[in-house]
Amino acid sequence: MSRFLNERRHMLPPAVTSLAEQLAAAGYKVTQPRLAVLKAITAQPGAFSVQEVEQWLLERNESPGIASIFRTVRLLCDLGMLQRLHGLDDCHRYCLGSGHTHHLVCTSCGVIEQFDNCGIQGVIDALEQSTGYRITNHVVELFGVCPQCLAPSASSAT
């Protein structure tokens with residue numbers, strides 16, 4: 001374990017410590033800029049953009065710079081600690097988590113709900129058979145308006 005991390009463990013929220021330990025276990029150094037990004041990421045209420053992470057850090061005078069934030073987010077994605085979401089506004093968003101999941105994304109408030117069974121395995125099998133491809137991964141993201149965002153407009157329409 002990193003001496004740097006051990007010296008700061010008592011000052012960090014458990015979620016940050018857990019992510020930092022995963023980073024160290026994967027063989028990467030836990031540095032102050034990376035810890036700052038981890039703190040910002042765990043403070044986000046849902047999916048977030050790199051710009052939102054930077055803004056959170058700037059408000060606390062802790063920003064290591066946008067390039068460091070991008071590099072850390074990319075590393076966390078490569079390690080499977082973050083998932084990259086494709087947004088409708090040409091801006092990627094990210095959320096904590098790993099594994100094979102799919103997302104419902106509210107286009108009004110940005111809330112994201114994960115779901116596991118996308119039901120397209122039959123389509124994938126047929127595509128592999130008809131094209132000769134070996135499909136190794138897929139992404140399913142559905143965009144719409146969540147029940148909470150629909151509620152105010154539904155009640156004002158009556």
Side-chain angles (χ1 to χ4, degrees), residues 1-118 136-157:
M1 185 57 56
S2 159
R3 188 176 84 215
F4 180 82
L5 177 57
N6 281 335
E7 291 171 355
R8 288 156 180 77
R9 181 183 304 274
H10 68 283
M11 299 182 297
L12 299 172
V16 174
T17 302
S18 175
L19 290 171
E21 287 171 348
Q22 291 175 53
L23 200 57
Y28 292 90
K29 288 184 179 180
V30 177
T31 62
Q32 189 60 44
R34 286 179 176 164
L35 275 180
V37 172
L38 293 177
K39 284 187 342 190
I41 285 170
T42 58
Q44 302 304 309
F48 54 87
S49 68
V50 168
Q51 291 75 18
E52 290 166 338
V53 169
E54 180 187 33
Q55 185 60 43
W56 190 92
L57 290 165
L58 286 171
E59 289 169 1
R60 289 153 184 81
N61 294 318
E62 295 182 37
S63 180
I66 193 73
S68 290
I69 297 168
F70 268 110
R71 282 191 301 268
T72 302
V73 166
R74 179 181 292 153
L75 174 62
L76 296 173
C77 286
D78 290 347
L79 294 173
M81 296 165 63
L82 283 182
Q83 293 183 7
R84 186 170 82 166
L85 310 173
H86 303 275
L88 290 176
D89 58 359
D90 293 329
C91 177
H92 289 110
R93 299 189 70 74
Y94 302 87
C95 65
L96 286 168
S98 61
H100 183 86
T101 59
H102 307 291
H103 305 96
L104 296 168
V105 182
C106 179
T107 56
S108 181
C109 70
V111 72
I112 293 178
E113 188 170 327
Q114 294 185 355
F115 64 98
D116 294 326
N117 183 4
C118 64
T136 59
N137 202 353
H138 66 273
V139 175
V140 175
E141 291 171 1
L142 304 172
F143 299 88
V145 181
C146 72
Q148 289 76 19
C149 290
L150 285 172
S153 63
S155 63
S156 65

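F4 and T31 make their closest contact through CE2-C, 3.5 Å (heavy atoms, listed as atom of the first residue, atom of the second, distance). Of all the heavy atoms in V30 and A24, the pair that sits closest is CG2-CB, 4.0 Å.
At a threshold of 4.5 Å between non-hydrogen side-chain atoms, the residues P64 and V37 count as touching. Looking at L38 and T17, their side chains never come closer than 4.5 Å, going by heavy atoms from C-beta outward. The shortest side-chain heavy-atom distance between L76 and Y94 does not fall under the 4.5 Å cut-off.
Taking CG from L35 and CD from Q32, the interatomic distance works out to 5.5 Å, rounded to the nearest 0.5 Å. Between the OG atom of S68 and the CG atom of L57 there is a distance of 10.5 Å, given to the nearest 0.5 Å. K29 contributes atom NZ, which lies 12.0 Å from atom CG of L23 (distance to the nearest 0.5 angstrom).
For T42, the side chain to side chain contact (heavy atoms under 4.5 Å, CB included) test picks out A15, V16, L19, L96, with sequence neighbours left out. Considering only residues two or more places apart in sequence or on other chains, L142 meets the side chain to side chain contact (heavy atoms under 4.5 Å, CB included) condition with L104, F115, V140. Legend: residues meeting side chain to side chain contact (heavy atoms under 4.5 Å, CB included) with A43, ordered by chain and number and at least two apart, are W56. For Q51, the side chain to side chain contact (heavy atoms under 4.5 Å, CB included) partners at least two apart in sequence or on another chain are S49, F70, C91.
Note on residues 41-66: pairs passing salt bridge (charged side-chain N to carboxylate O under 4.0 Å, His left out), not counting sequence neighbours, are K39-E62, E52-R93. Counting only residues at least two apart or in different chains, salt bridge (charged side-chain N to carboxylate O under 4.0 Å, His left out) contacts with residues 64-86 are absent.
Counted within 6.0 Å of OH on Y28, heavy atoms from surrounding residues, nucleotides or ligands total 12 or fewer; the atom is thus considered open.
The backbone N or O of T72 lies less than 3.5 Å from no partner atom in the side chain of R34, so there is not a single donor-acceptor pair.
With no hydrogens or angles considered, no side-chain donor-acceptor pair links R3 and N6 at under 3.5 Å.
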